[in-house]
Each structure stands twice: as structure tokens, then as C-alpha cells.
2 protein chains.
Amino acid sequence: MLSQAIQDYLKTIYKLEEDGTVSTTAIAKELNISGASVTGMLKRLASMKLVDYNSYKGVRLTNEGRKIALEIIRHHRLLELYLREALGFPLEKIHDEACRLEHVVSQDFLQKIEEILGNPEYDPHGHPIPSKDGDIEISNEKPLVNFRNGDVVIVKRLSDHDPQMLSYFEKMKILPSTIIRIVDKAPFNGPITVFFNGESQIIGNEISKNIFVELYEEKEEN
Amino acid sequence: MLSQAIQDYLKTIYKLEEDGTVSTTAIAKELNISGASVTGMLKRLASMKLVDYNSYKGVRLTNEGRKIALEIIRHHRLLELYLREALGFPLEKIHDEACRLEHVVSQDFLQKIEEILGNPEYDPHGHPIPSKDGDIEISNEKPLVNFRNGDVVIVKRLSDHDPQMLSYFEKMKILPSTIIRIVDKAPFNGPITVFFNGESQIIGNEISKNIFVELYEEKEEN
DNA sequence: AACAGATTTTAGTCCCATCTAATTTCAAAT
DNA sequence: ATTTGAAATTAGATGGGACTAAAATCTGTT
Ligand SMILES: [Mn+2]
Ligand SMILES: [Mn+2]
Ligand SMILES: [Mn+2]
Ligand SMILES: [Mn+2]
């Protein structure tokens with residue numbers, strides 16, 4: 001069994017990999033540990049064939065490493081959803097709890113909650129949940145701030161790094177699948193006036209970089 | 001935060017303390033580690049004032065140590081019950097899962113499941129669940145084997161050490177609150193014929209040492 | 001080409017939790 | 001009182017995972 005530390009490293013590297021190969025410092029920042037510690041661990045991970053590591057040049061996950069990362073991410077996201085749906089956790093508390101539980105839950109446990117949740121596809125932040133054999137949807141939402149006046153968008157995903165921001169999202173009822181019309185973007189990266197849930201609201205520019213959306217196509221169903 | 005290892009030591013010492021002070025070897029056996037390792041840890045626990053330790057004479061928990069032990073036991077038992085009631089885990093699988101989860105669940109998590117379970121008093125094996133401030137019922141059930149022909153008893157608690165035995169109990173529907181009449185005890189520690197749930201069954205003598213019961217007093221309620 | 005600054009790695013240390021082998025202590029029986 | 005076997009402790013080692021301080025490497029600028 002891989003240690004909690006190793007599992008979290010792999011998960012972190014997976015997340016950072018979107019932007020090409022991953023630097024020591026990036027991992028250190030993300031995990032809040034020293035660069036030296038990261039270098040040490042990267043060597044170990046390399047010797048276990050979980051990453052490809054070139055001194056001074058960063059790391060990438062091997063297929064094996066990626067498989068494990070996705071496994072843990074699967075745990076994490078199923079847990080987040082369960083905490084929210086079944087136990088009524090507030091949005092900003094699910095991440096930390098899931099990050100501890102993800103390393104100790106059994107397959108049995110996951111099986112049960114997945115069943116109870118009805119084989120869900122997304123976690124409460126809108127992140128796709130990897131399948132048992134490590135398939136994961138590649139999503140391409142853009143931050144709300146990228147869109148223009150008049151655009152109608154649907155929220156797909158919320159950035160999950162700042163608990164306070166999540167608490168704000170929850171209070172504002174800005175959640176995955178919320179439909180938002182952009183009324184007005186103030187100049188010079190100013191606040192954005194939006195309309196949703198029958199109300200007009202003003203949200204900060206910074207916030208709007210953390211709401212990932214897609215253009216909404218209204219589909220008439222019979 | 002105390003490590004998982006320390007938490008499990010304290011829990012183990014608590015359980016073994018029923019029989020006076022606790023020996024190094026007893027702990028080692030229970031945790032499946034070497035005696036030398038236990039000696040080392042006992043010194044650390046003593047230096048943390050979690051146990052009173054006298055070389056060659058065994059340990060006892062301090063009040064502080066006991067408080068922590070009961071806290072973890074509380075986690076364990078609430079989790080066992082939740083796994084069974086909410087997730088439908090079979091009796092023999094709840095212990096291991098709870099033993100991993102007990103070290104990482106937050107107060108929030110426990111609060112939620114306690115509420116969902118309706119402030120339960122007993123876990124699925126019939127063990128009392130300690131209160132938040134560490135009060136716990138002292139129970140005095142005796143093993144079924146101690147009783148005599150004709151006695152009618154109520155199951156209070158099942159020994160939880162052998163998963164296979166637990167699976168057997170579940171299959172047989174011998175569970176806490178089951179009422180059993182002892183029909184016949186074969187001589188020389190032979191099998192015991194019992195009657196419950198409208199059926200006659202024969203159970204081994206060994207098994208009957210692991211079913212803890214009380215004499216049942218039928219109370220006529222109006 | 002040389003330098004400056006940032007990034008990264010190395011060297012050395014620490015604590016935790018375990019191990020095996022050797023030694024010491026205890027208690028029971030002779 | 002000695003002996004002896006079991007129980008417990010000490011001594012020494014290991015691996016994991018973190019740290020700080022110092023050295024090395026890289027990169028972008030003069
Ligand atoms: Mn984690
Ligand atoms: Mn998430
Ligand atoms: Mn445990
Ligand atoms: Mn129990």
C-alpha cells in the first residue's frame with residue numbers, strides 16, 4: 001500500500017501536469033513543504049517508476065503513476081459528493097475532509113457510496129469523477145471573465161482552492177449548472193454585472209476568473 | 001495531532017486494562033508488533049503523560065490517556081454503526097474500515113453521522129458508545145456458556161475479534177437484542193441447543209463463549 | 001562571455017515507528 | 001539460595017518523510 005504522502009504527491013503532480021512538465025517548486029508550493037523534501041521524494045517516486053524525473057528539468061507521471069493519481073482523485077471526488085449529498089456538508093468543508101478520507105476508504109466503501117449517489121459523473125465543484133479504470137472526461141470550460149456582454153453561460157466548474165471563495169459561491173448560489181447572463185463588464189477589469197436565478201448581481205473580476213463556464217445553448221425538449 | 005499509531009496504542013491499552021495493569025506482551029500481541037517496539041512506545045507515551053509506566057510492571061492509562069482512548073473508541077463505534085446502518089456493510093467488515101477511518105474523521109463528520117443515527121447508544125456488536133465527554137456505560141454481561149438449561153437470555157454483545165465468527169453470527173441472526181432460550185447443554189463442554197426466532201439451533205461451545213448475554217426478564221407492558 | 005538571481009539539488013539532521021539480537025530482570029520451582 | 005524459562009528491556013539498525021544550510025545548476029541579462 002502506498003503511503004498517504006506518496007498518494008498526495010501523485011495527485012498533485014497530476015493536477016500540475018496540465019501545464020507541461022512539473023517543477024519541484026510548484027509541487028513544494030502546492031503541498032506546503034520545502035523544495036528539498038520534494039526533490040527527495042521525486043527520486044523515490046522515480047525509483048518506483050511512478051514518475052519520469054530529470055534533475056533540474058521537472059517530472060511527469062508514468063502511466064502507472066497516472067493510474068494511481070486518478071484512483072485517488074476518484075476517491076476524493078466521490079467522497080466530496082457523498083459528504084455534500086448524504087451528510088449535508090457545506091461546500092467549503094468537503095475538500096479537507098475528502099483529502100484525509102481518500103487514503104483510507106476501501107473499495108467496498110466506495111462501491112456503496114457510488115451506488116447511493118447513483119453513479120455520479122461530477123463532484124460538487126463540477127470536477128469530473130474518473131471511472132474505476134481511470135478514464136476521465138477532458139473538459140474545456142473557460143473562466144467567466146473571458147466572455148462578453150450578452151453572453152449566456154452555464155457554470156460547469158468552480159475553482160476549489162479558496163474555502164472562503166467557495167463559501168461565497170454557495171451563499172450566492174453560484175453552483176455547477178447555474179445559468180448566468182452577462183449584463184455588463186465594467187472597464188479596466190472592473191466588476192461584472194450578471195443576471196441569474198431571477199436576480200441581478202455584481203461579482204468581482206477576480207471571482208469571475210474562478211467560475212468556469214460554457215456558452216449555453218438552450219435546447220427545447222418536447 | 002496524535003499519530004494513528006499512538007491512538008491505536010491508547011485504544012488497545014484501554015481495552016486490555018479491564019484485567020488490571022497491562023503488560024508489554026499483551027499490547028504487542030494485540031497490535032501484532034514486537035515487544036521491543038512496544039517498550040519504546042510506552043516510554044514515549046509516558047513522557048507525554050498519557051500512561052503511567054513502570055519498567056517490568058506494565059502500564060495504565062492516565063486520565064488524559066483514557067480521555068483520548070475513549071474519544072477514538074467513540075469514533076470507532078459511531079463509524080461501525082454508520083457503516084452498517086447507512087451503507088449496509090456486513091457485520092464482519094465494519095471493524096477494519098472503522099479502524100482506519102477513526103483516525104481521520106472530523107468532529108463535523110461525527111456530528112453529522114451521530115445525528116443521522118439518532119444519537120445511538122450501542123454499536124452493531126453491542127458495545128456502548130462513549131459520550132462526547134468520555135462517559136461510557138459499564139456493562140456486565142456474561143458469556144452465554146455460563147448459563148443453564150432453561151435460562152432465557154437476551155444478547156447484549158458479540159465478541160468482535162474474529163470476522164468469520166461475526167459472519168456466522170450474522171448468518172444465524174444472533175445479534176444484540178436477540179432473545180435465546182437455552183434448551184440443552186451437552187456434557188463435557190459439548191454443543192448447546194438453543195431456541196430463538198422460532199427455531200431450534202445447535203451452537204458450538206466455543207461460539208457460546210463469544211455471545212455475551214443477560215438473563216431476560218419478560219416485562220408485561222400494558 | 002560573465003554575472004545575477006532564481007531554482008534545484010546535495011549534505012546532513014531529526015523524529016517516528018518499526019525491526020532483530022543480545023541482555024537483563026522477574027518469579028516460580030527446585 | 002540457585003536455577004531456569006518467560007517477559008521485558010536495551011542496543012543498534014532501517015526506512016519514511018520532513019527540515020535547514022550550503023552548493024550546484026540553469027536562465028536571462030548585460
Ligand atoms: Mn489527501
Ligand atoms: Mn472537487
Ligand atoms: Mn485504528
Ligand atoms: Mn464494535
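Predicted model, so just to flag it, every value in this text is computed and none were measured. Letters A, B, ... are given to chains in the order of the sequence lines, protein chains preceding strands, and every chain is numbered from 1. Just so you know, these numbers use all the heavy atoms, side chains as well, and skip hydrogens, waters and symmetry mates.
- Within the 4.0 angstrom heavy-atom criterion, only backbone atoms of the sugar-phosphate kind lie near A/Thr24; the bases stay farther away.
- Atom NE2 of B/His103 is separated from atom P of C/dC16 by 18 Å (rounded to the nearest Å).
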Can you tabulate the close N/O pairs, meaning under 3.5 Å, that link protein atoms to atoms of nucleotides 23-27 of chain D?
from: D/dT25; atom 1: O4'; to: A/Tyr56; atom 2: OH; distance (Å): 3.4

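- Seen from the ring of A/Phe212, A/Arg157 counts as a face-on cation partner, given the 6.0 Å and 45° thresholds.
- Whole-Å rounding puts the A/Gln7 CD to D/dG17 C1' distance at 15 Å.
- Using modelled atom types and a 3.5 Å distance limit, the side chains of B/Asp8 and B/His103 yield a donor-acceptor pair.
- One finds no salt bridge joining A/Lys15 and A/Glu18 here, because no Lys/Arg side-chain nitrogen approaches an Asp/Glu carboxylate oxygen to under 4.0 Å.
- When only modelled atom types and interatomic distance are considered, A/Glu30 and A/His161 share a side-chain donor-acceptor pair under 3.5 Å.
- Look at CG on A/Leu2: it is 18 Å from P on D/dG15, rounded to the nearest Å.
- Annotation: proximity of residues 39-52 of chain B to DNA chain C (heavy atom, distance under 4.0 Å) is found for B/Met41, B/Arg44, numbered in ascending order.
- Residues A/Asp135 and A/Asp133 come closest through the heavy atom pair OD2-OD1, 3.3 Å.
- D/dG16 atom C1' lies 14 Å from atom CD of B/Gln4, rounded to whole Å.
- Where B/Gly58 and A/Ser34 each meet DNA chain D at their nearest nucleotide, the meeting point lying more 5' is that of B/Gly58.
- A side-chain N or O of A/Glu97 and one of B/Ser106 form a donor-acceptor pair less than 3.5 Å apart.
- The closest side-chain donor-acceptor pair between B/Glu64 and B/Thr62, if any, does not fall under 3.5 angstrom.
- Distance from the side chain of B/Ala36 is smallest for C/dA21 among the nucleotides C/dA17, C/dA11, C/dA21.
- At whole-Å resolution of the value, CG in B/Asn54 and C1' in C/dC26 are 14 Å apart.
- Going from atom OH of A/Tyr9 over to atom C1' of D/dG17 covers 8 Å, rounded to whole Å.
- For the pair B/Ser37 and C/dA17, the criterion of a side-chain N or O lying under 4.0 Å from OP1 or OP2 is not met.
- Atom CD1 of A/Ile33 is separated from atom P of C/dT7 by 17 Å (rounded to the nearest Å).
- Look at A/Arg84 and A/Glu170 and you find a salt bridge, because one of the NZ, NE, NH1 or NH2 atoms lies within 4.0 Å of a carboxylate O, short of that distance.
- Inspection of the B/Tyr122 and B/Glu137 side chains reveals an N or O donor paired with an N or O acceptor under 3.5 Å.
- A sub-4.0 Å separation between OP1 or OP2 of D/dG17 and a side-chain N or O of A/Ser3 is present.
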